[in-house]
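Indexing begins at 1, ligand by ligand and atom by atom, following the structure's order.
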Amino acid sequence: MMRFSQAILILLTVCCFSVQANDAQDNAKAIHTRVLTLDSHVDIAREYMLKPEFDPGLTTSMKVDLDKMEQGGLDTVFLIVYVAQGPRTEEGYAAAKAAADKKIRAIHKMAEVHSDRIALAYRPADVTRIAAEGKKVAVIGIENGFVIGHDAESLERLDDYFQWGARYLGLTHSGHNDICDSSSASSKLGDKPSEHGGVSPFGREVIARMNQLGMMVDVSHSSKDCMLQAIKLSKAPVIASHSGVRAMADSSRNLTDAQMTALAESGGVLQLVAYTGFIKPDPARDAAFTALEEKVRLEFGADEFSYKLHEHTPSYQSGVAHINLDYPLASVSDFIDQVEYAIKLMGINHVGISSDFDGGGELRDWSDASESLNITRELLSRGYDEDQIEKIWGGNLLRVWAEIEQTAAYMDKVQLAR
Ligand SMILES: [Zn+2]
């Protein structure tokens with residue numbers, strides 16, 4: 001039988017643990033509120049702002065909307081103008097540009113309609129200023145250099161996108177383009193394993209122009225050769241806006257140790273991505289997704305199908321829920337394992353966070369923006385202090401962006417002096 005004193009001791013221990021647990025919770029919340037949190041890759045639905053269900057000012061099925069950002073204390077998002085690689089024909093280029101323009105217009109409309117809650121940032125200093133005003137911050141990133149086409153006006157189009165607020169450009173997506181080789185050659189588009197052996201002569205012009213403008217060069221989705229050459233060609237550090245660690249998860253989208261080291265040595269930043277396929281790759285899970293997309297495609301008819309639109313339909317979402325039961329999602333802990341690996345290899349100043357929400361990114365316990373506190377909790381539980389957490393949660397990316405901007409200002413002056 002338990003003695004009275006033993007019972008008291010157990011009670012005190014339990015109370016003590018729960019007080020400690022509550023303290024840890026409060027501490028995580030306080031730190032999460034104080035640090036500026038930035039997610040460098042959030043996709044937007046194709047019908048963003050055009051239909052009420054894709055208006056981020058309302059309650060939506062999207063993983064990122066203003067309510068979820070407010071609930072989760074997520075301050076800043078890079079909203080992505082994603083355009084799939086298509087045929088490099090006159091029609092293909094025109095369609096890509098039209099798709100990009102539509103998405104940029106939608107992001108601007110969102111910032112105008114909800115100007116009391118969110119504002120667009122054009123410079124790193126804007127991010128801190130807007131957040132200090134108590135608003136959420138949006139920055140525009142473009143995913144796929146395909147959108148600028150390949151003709152005499154391509155660089156002017158790049159200038160236009162910069163004027164319009166685009167602050168990073170992913171050189172490629174899935175499938176090679178005119179700028180460089182992709183990490184995922186597209187058999188559908190008839191790609192060879194490599195087309196340019198890295199960056200093309202046109203790609204060199206694009207990178208040089210991006211440096212002059214102060215636009216971040218994003219090497220996520222680029223082939224290894226393209227990525228390493230881009231680092232050398234760029235006069236400013238480059239970023240990987242959403243990539244994983246190859247040594248821990250063997251996907252061609254992830255970066256090898258040599259790539260990560262080269263990125264850190266050049267002063268750039270790797271934004272680890274919360275995409276289960278790049279954390280715990282599983283061909284059976286990928287196959288289940290392909291089958292689901294095919295099923296939904298048949299349901300809507302091939303012409304009507306768009307992954308970005310139909311991922312919000314009930315039949316697609318219930319299919320995803322089933323897949324997640326059969327092949328469980330990675331957890332925040334699995335994700336932070338990659339963050340820690342990157343920190344050990346690259347140093348604390350070169351690592352950040354991205355979700356790829358609404359583009360396939362999802363973790364068991366970071367399933368949308370409202371659960372962003374779980375990232376801070378995990379970092380804190382692993383012994384990172386507030387300064388380190390601030391760097392990981394966006395401080396590093398903002399520093400690199402500021403360096404890129406300074407290099408551009410310097411290059412501008414050099415040009416003026418000539
Ligand atoms: Zn992507």
Are Tyr275 and His242 an aromatic pair by the rule of ring centers under 6.0 Å?
no

Report yes or no: is the cationic atom of Arg167 (NZ for Lys, CZ for Arg) closer than 6.0 Å to the six-membered ring centre of Phe162, at no more than 45° off its axis?
yes

Kindly write out the residues that satisfy salt bridge (Lys or Arg N to Asp or Glu O under 4.0 Å) with Glu405, not counting sequence neighbours, or none if the list is empty.
Arg123

Roughly how far apart are Leu363 CG and Phe335 CZ, rounded to 0.5 Å?
6.5 Å

What is the number of protein N, O or S atoms that sit under 2.8 Å away from the Zn ion (ligand 1)?
3

For the aromatic rings, using the six-membered ring if either is Trp, is the centroid distance between Trp366 and Phe357 under 6.0 Å?
yes

Heavy atoms, side chains only, cut-off 4.5 Å: are Ile148 and Lys97 in contact?
no

